[in-house]
Amino acid sequence: MKLAILSRAPNSYSTQRLQVAAHDRGHKVRVLNTLRFAIDLSGDEPDLQYRGKQLSDYDAILPRIGASITYFGTAVVRQFEQMDVYTPNTSIGINNSRDKLRSLQILSRHDVSIPASTFVRDRLDVADAIQRVGGAPVIIKLLEGTQGIGVILAPDAKIAESIIETLQSVGTNVLLQRFVSESRGRDVRAFVVGDRVVAAMRRVAQGDEFRSNVHRGGSAEAVDLDPTFATTAVRAAQIMGLRVAGVDMLESDHGPLILEVNSSPGLQGIETATGLDVAGAVIDHIDNQVAFPELDVRQRLSVSTGYGVAEILVRDDSEYVGQTITESGLRDRDITPLSLHRGSTVIPNPRPARVLEGGDRLLCFGNLEEMRGLIPARRKRRAKVADLPEEPLVTHVEERHDEGQPTPDE
Ligand SMILES: Nc1ncnc2c1ncn2[C@@H]1O[C@H](COP(=O)(O)OP(=O)(O)O)[C@@H](O)[C@H]1O
Ligand SMILES: [Mg+2]
């Protein structure tokens with residue numbers, strides 16, 4: 001295959017290793033500076049220029065987009081996606097992974113655990129927020145920090161409140177998170193490629209530092225990953241839409257907690273700690289998947305009006321329970337099951353002879369009208385949430401002099 005590594009650091013350890021691994025396997029590989037692309041929407045088809053010239057054909061890209069160029073970098077990746085060039089990490093995945101709040105929001109609805117986290121804006125809500133995540137000491141995080149910079153351990157609630165107020169006064173949003181004290185100064189990095197963990201290490205902080213980042217002096221050692229950690233890491237990467245990812249987890253008393261999912265994980269630390277050929281695994285995965293460029297199924301399918309994708313729930317009292325997919329008559333109703341979710345397992349392309357059980361969820365493509373009655377009712381939130389106090393219709397709006405001019409959409 002012909003592979004482009006998108007990177008601004010051609011001489012870095014990671015880029016070099018990936019380039020050599022691709023070359024050794026007989027692939028054509030080039031390192032292209034992400035910032036030298038021009039996104040070209042002037043012709044009939046989406047196109048890219050590189051250093052002022054028409055870009056030649058590539059089969060795949062491997063984006064290594066640094067945090068400082070996320071906007072432009074993901075725009076370039078998105079353009080490759082429009083041109084049907086394979087990328088292991090999608091532009092959406094990279095974007096989502098860059099913001100700690102956004103990634104935790106996405107992960108939180110799935111079956112992976114995260115440290116209790118909360119996000120508030122008004123200072124009147126800060127005290128409650130701290131209690132919600134377990135009280136002080138509490139972790140305060142910048143949404144887009146890296147290398148441990150922007151992660152603060154506030155010893156008590158008053159200090160936490162004043163740190164948050166200070167940061168918000170300069171327009172910086174922060175996330176509040178439970179301090180997982182049993183994992184103080186340690187975390188686990190699992191390097192995920194496709195649907196497996198190819199290498200893992202534990203990082204241990206220096207001295208009384210609570211952050212285990214190598215940039216904060218932490219040291220790394222290879223670790224034999226417990227299967228629950230491996231499964232959690234792979235799920236987190238998949239949920240984020242990343243096929244090459246560095247998944248950081250805390251080791252809590254209740255198992256793995258996902259801290260973050262990195263879309264351009266470095267290779268030096270993990271290859272040095274484990275002695276494994278991580279670069280080779282990345283290249284082999286791309287080579288294996290290159291025929292399957294990303295496509296937005298919903299977008300493509302929605303072109304056929306009246307048809308779409310929906311998830312059908314087989315209720316316990318449904319007539320479908322005990323019937324095969326054929327007997328259910330779904331196909332006769334113009335509904336095609338694409339995958340079957342049963343508990344925590346997924347059965348892709350379920351066979352017509354597959355017997356349905358109560359609680360099964362079938363992801364289907366089909367006639368929207370036919371599917372309407374089969375879609376589960378919207379999930380109810382907790383049975384009894386304390387009712388909010390009655391608010392007067394017009395509340396007093398506090399004048400804020402500290403926020404500068406409001407932007408037009410505020
Ligand atoms: N909720 C937490 N509880 C305990 N330690 C934490 C928590 N959040 C972060 N840490 C420590 O701080 C380090 C940096 O946090 P992280 O969220 O990964 O930010 P960064 O993107 O800067 O690496 C982690 O590797 C971990 O050692
Ligand atoms: Mg980290």
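Index from 1, following the sequence.
Around CG of Asp84, the count of heavy atoms belonging to other residues, nucleotides or ligands within 6.0 Å exceeds 12. Counting heavy atoms of neighbouring residues, nucleotides and ligands inside a 6.0 Å radius, atom CG of Asp111 does not exceed 12 of them. Environment of CD in Glu45: sparse, with no more than 12 heavy atoms of neighbouring residues, nucleotides or ligands closer than 6.0 Å. Counting non-hydrogen atoms of other residues, nucleotides and ligands closer than 6.0 Å to NE2 of His23 gives a total of 12 or fewer. Counting non-hydrogen atoms of neighbouring residues, nucleotides and ligands closer than 6.0 angstrom, the CZ atom of Arg196 reaches no more than 12 such neighbours. For Ile92, the CD1 atom sits in a loose shell: 12 or fewer heavy atoms of surrounding residues, nucleotides or ligands are nearer than 6.0 Å.
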Would Arg178 and Thr118 count as a side-chain hydrogen bond (donor to acceptor under 3.5 Å, both in side chains) here? Give the steps. CA-CA 9 Å; Arg178 181 171 91 85; Thr118 183; over 6 Å; no
Report the C-alpha distance between Leu330 and Tyr320 in whole Å, list the side-chain angles of each, state the deciding distance to 0.1 Å, and finish with yes or no for side chain to side chain contact (heavy atoms under 4.5 Å, CB included). CA-CA 10 Å; Leu330 285 172; Tyr320 295 155; 3.9 Å; yes
Output, in order, the C-alpha distance, side-chain angles, deciding distance and verdict of side-chain hydrogen bond (donor to acceptor under 3.5 Å, both in side chains) for Ser264 and Arg64. CA-CA 5 Å; Ser264 299; Arg64 309 273 314 166; 5.1 Å; no
Kindly determine whether Asp248 and Val188 satisfy side chain to side chain contact (heavy atoms under 4.5 Å, CB included), including the steps that lead there. CA-CA 6 Å; Asp248 293 346; Val188 168; over 6 Å; no
Starting from the C-alpha separation in whole Å, work towards a yes-or-no answer on side chain to side chain contact (heavy atoms under 4.5 Å, CB included) for Leu313 and Ile375. CA-CA 6 Å; Leu313 171 67; Ile375 295 169; over 6 Å; no
What do the steps show when you test Arg351 against Ile325 for side chain to side chain contact (heavy atoms under 4.5 Å, CB included), and what is the final call? CA-CA 7 Å; Arg351 307 236 161 254; Ile325 291 181; over 6 Å; no
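Under a 3.5 Å cut-off, the side chain of Thr172 and the backbone N or O of Gln168 do not form any donor-acceptor pair. At least one donor-acceptor pair under 3.5 Å links the side chain of Gln16 to the backbone N or O of Pro10. Under a 3.5 Å cut-off, the side chain of Ser14 and the backbone N or O of Leu267 do form a donor-acceptor pair. Between the Gln79 side chain and the Asp47 main chain, a donor and an acceptor come within less than 3.5 Å of each other. Of the possible polar contacts, one joining the Asn33 side chain to the Leu35 backbone as a donor-acceptor pair under 3.5 Å is found. Here the side chain of His27 pairs a donor or acceptor atom with the backbone of Met1 at under 3.5 angstrom. Although no hydrogens or angles enter the test, the distance criterion places a donor-acceptor pair under 3.5 Å between the side chain of Asp156 and the main chain of Ile159. Looking only at distances, no side-chain donor or acceptor of Arg203 sits under 3.5 Å from a matching main-chain atom of Asp187. At distances below 3.5 Å, not a single donor-acceptor pair connects side-chain atoms of Asn262 with backbone N or O atoms of Pro265. At least one donor-acceptor pair closer than 3.5 Å links the side chain of Thr274 to the backbone N or O of Ile270.
The existence of a salt bridge linking Lys2 and Asp59 is excluded, since no basic side-chain nitrogen approaches an acidic carboxylate oxygen closer than 4.0 Å. Between Arg25 and Asp287, none of the side-chain N atoms (NZ, or NE/NH1/NH2) sits under 4.0 Å from a carboxylate O, so this pair counts as no salt bridge.
For the pair Val192 and Val244, the minimum side-chain heavy-atom distance is 4.5 Å or more. Side-chain contact between Leu176 and Ile164: present, with at least one pair of heavy atoms (C-beta onward) separated by less than 4.5 Å. Side-chain contact check for Ile258 versus Val247: some heavy-atom pair is nearer than 4.5 Å. Val77 is listed as a side-chain neighbour of Ile94, based on a closest heavy-atom distance under 4.5 Å. The side-chain heavy atoms of Tyr307 and Asn367, taken from C-beta on, include a pair separated by under 4.5 Å. The side-chain heavy atoms of Leu257 and Met249, taken from C-beta on, include no pair separated by under 4.5 Å. Within the 4.5 Å cutoff, the side chain of Pro88 has heavy atoms near those of the Pro63 side chain. Counting only heavy atoms from C-beta outward, the side chains of Pro337 and Cys364 approach each other to under 4.5 Å.
Once rounded to the nearest 0.5 Å, the distance linking CD1 of Ile335 with CE of Met371 reads 6.0 Å. Distance check: Ile163 CD1 to Lys158 NZ gives 12.5 Å after rounding to the nearest 0.5 Å. The distance from the CZ atom of Phe80 to the CD1 atom of Ile39 is 9.5 Å, given to the nearest 0.5 Å. Rounding to the nearest 0.5 angstrom, the gap separating the CZ atom in Arg184 from the CD atom in Glu209 is 8.5 Å. With values rounded to the nearest 0.5 angstrom, Leu242 atom CG is found 6.0 Å from Thr90 atom OG1. Rounding to the nearest 0.5 angstrom, the gap separating the CD1 atom in Ile114 from the CD1 atom in Ile106 is 11.0 Å.
Residue pairs meeting the salt bridge (charged side-chain N to carboxylate O under 4.0 Å, His left out) criterion with at least one member in residues 252-273, sequence neighbours excluded, are Arg17-Glu271, Lys100-Glu260. Sequence neighbours left out, the pairs with a member in residues 212-223 that pass salt bridge (charged side-chain N to carboxylate O under 4.0 Å, His left out) are Arg202-Glu221. Listed by first and then second residue, the salt bridge (charged side-chain N to carboxylate O under 4.0 Å, His left out) pairs that reach into residues 334-346 are Arg342-Glu357, Arg342-Asp360, sequence neighbours excluded.
Partner of Asn173 under the side chain to side chain contact (heavy atoms under 4.5 Å, CB included) criterion, chosen from Lys141, Glu144, Arg121: Arg121.
In summary, the side chains of Ser212 and Arg189 do not present any donor paired with an acceptor at a separation below 3.5 Å, with no hydrogens or angles considered. A side-chain donor from one of Glu81 and Ser91 sits under 3.5 Å from a side-chain acceptor of the other. No hydrogens or angles considered: a donor-acceptor pair under 3.5 Å links the side chains of Thr15 and Ser7. A side-chain N or O of Ser42 and one of Asp40 form a donor-acceptor pair less than 3.5 Å apart. Side-chain contact, Gln147 with Asn213: no donor N or O sits under 3.5 Å from an acceptor N or O. If you check the side chains of Ser117 and Gln177, you find a donor sitting under 3.5 Å from an acceptor.
Taking the centre of each ring, Tyr58 and Tyr50 stay at or above the 6.0 Å mark.
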